[in-house]
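When reading the values below, keep in mind they use all heavy atoms of this one structure, side chains included, and skip hydrogens, waters and symmetry mates. Because the structure is a prediction, the values reported are computed rather than measured. We name chains A, B, ... by the order of the sequence lines, and we start the count at 1 in each one.
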Amino acid sequence: MAITAIKGCNDILPGESSRWHYIEAAARRVFERYGFSEIRVPVMEKTELFCRSIGDATDIVEKEMYSFTDRGGTNVTLRPEGTASVMRALIEHKLYAQDPVARLYYLGPMFRYERPQKGRYRQFHQIGAEMTGVHDPLADAQILTMLVGFFREIGLDEPRLEVNSLGCPDCRPAYRSTLVDFLRHRTGVLCDDCCRRLDSNPLRILDCKVPGCIESTRGAPSVLDHLCAGCADHFGHVRRYLEISATPYSVNCRMVRGLDYYTRTTFEVVTSLLGSQSAVAAGGRYDGLISQLGGPSIPGIGFAMGVERVALLLKEQDYSSRPDLFMATMGACERDAAFRLMNELAASGVHVEMDYEGKSLKSQMRRADKLGARFSVVIGAAELESGHAIFKRMDDGSTIEAPLSAERIRLLLR
RNA sequence: GUGGCUAUGGUGAAGCGGUCAACACUUACGACUGUGACUCGUACAUACGAGGGUUCGAAUCCCUCUAGCCACCCCA
């Protein structure tokens, strides 16, 4: 039996990689337009980084990390998300000292030991962005408009933006106990999971999909009614900025986050087209994270999107480039000439194809058609002799005669 | 970690105990020894996820394992 890939780790084959390029290029374009720069961080970090940032009691840290001890005895982990590494780098290189406002984006593989299913894999890919150093809700709004801008850029309007505020360490505990008090009276109708969550993560009950739980939480107190003055004001401004920028959104006061470091604004870009994985992108504000990791007390906000999930939403169209010209050759001498021409053209930015193995003219033309070449040209003894050839436009069959020089061909193809 | 479903060639798939494992696509070559798309012809699974078993005989029945998918959990 031949060796196969590890469960949940996928190959991105040529037919699909063009779609990935399309997504990645759009993200870079949009993010840089908003002043963000790429940061590249290792895929491996000391395990402690994730325990301290994501939270010891979260599912990710408790049971989903790929952790091991390396040969030097260091406890390392394949990153399950990107924010922790980026913040670690920010602190380590004191990026905040050069510019109090850091705007960074990253992309690459993440690893989580989960049972694979639609839109969820063990090695998956995220594109994320982080902005640190700004308390003002304008930062939140900027991150959100950029995220929405990205989805517009790639031509997707189905995903909807949902926002919420989770409060801060000052007001969240109070809300949490208010919620628990409310739910205590209804433990009979809550599902088993939710009864368990009552202690571990009561906010999560609001997001349960079991009909009984949805019913029993109908009149539950909303976080938004229990925000402290500061958080309420902040959230109000975020909403105002979204309205000013004409960014469509809805408030979902039941949205919760799986990572511990979020404060105040949280958001998700959701879709109903991905089976049970509704979140295409998600993020929020993390004002305490940087100091928690040993850095200065500066705020931050960011998001990550799942590339696989975005790719799933994109139509099955082909994003790969089509050849500009296919050169069919009749013999060995002609192949020599075509080969020289092909390299000259490629060097000047033209996508040219030719046959490599002396196939029949018919096969060569079939291949030109299959590759979707815009033009084809047949090069034989007569063409070499005269230095001119007939170029055929493949979509309508029309022809045009032109000299066989890289310079002239480039003009013709333009 | 739990549950359900499925496993036939490069792909999508017929086949439901008995001649050489349909058909379609893809690929290769050809139908005028210099021109594609349509059409036509020819070729392409010592093989039915792996290993056992039942049977005169199994891709077809039984068992085990493995893998994939989807869902739960959780999440991007």
Item to complete: Work out which heavy atom in A/Gly294 is nearest to a heavy atom in A/Arg52; give both atom names and the distance.
Response: N-NH2, 3.9 Å
Discussion item. Quick check on B/C75: is either OP1 or OP2 less than 4.0 Å from any side-chain nitrogen or oxygen of A/Arg204?
Written reply: yes
Worksheet item: Hey, does the side chain of A/Arg257 come within less than 4.0 Å of B/A76's phosphate (OP1/OP2), counting only N and O?
Response: yes
Worksheet item: What's the CG-P distance between A/Leu361 and B/G36, to the nearest Å?
Response: 8 Å
Worksheet item: How close or far is atom P of B/A76 from atom CD of A/Glu268, stated in whole angstroms?
Response: 8 Å
Discussion item. Check this for me: does any side-chain nitrogen of one of A/Arg374 and A/Asp395 sit under 4.0 Å from a carboxylate oxygen of the other?
Written reply: no
Worksheet entry | Stems involving RNA chain B, each a run of at least 3 consecutive Watson-Crick or G-U pairs under 3.5 Å | B:1-7 with B:66-72, B:10-12 with B:23-25, B:27-31 with B:39-43, B:49-53 with B:61-65
Worksheet item: From B/G34, B/G68, B/C74, pick the nucleotide closest to the side chain of A/Asp59?
Response: B/C74
Worksheet item: Counting any heavy atom closer than 4.0 Å, what does A/Val378 reach on the DNA or RNA strands: base, sugar-phosphate only, or nothing?
Response: base
Discussion item. Under 4.0 Å, heavy atoms only, any strand: does A/Ala279 hit a base, just the sugar-phosphate, or nothing?
Written reply: sugar-phosphate
Fill in: A/Phe68 atom CZ: more than 12 heavy-atom contacts under 6.0 Å
yes
Worksheet entry | Parallel, tilted or perpendicular: ring planes of A/Phe303 versus A/Phe31, cut at 30 and 60 degrees | perpendicular
Worksheet item: Does A/Lys392 make a side-chain donor-acceptor contact with the base of B/G36, cut-off 3.5 Å?
Response: yes
Item to complete: Using only heavy-atom distances, decide whether a donor-acceptor pair under 3.5 angstrom links the side-chain of A/Arg309 to the base of B/C75.
Response: yes
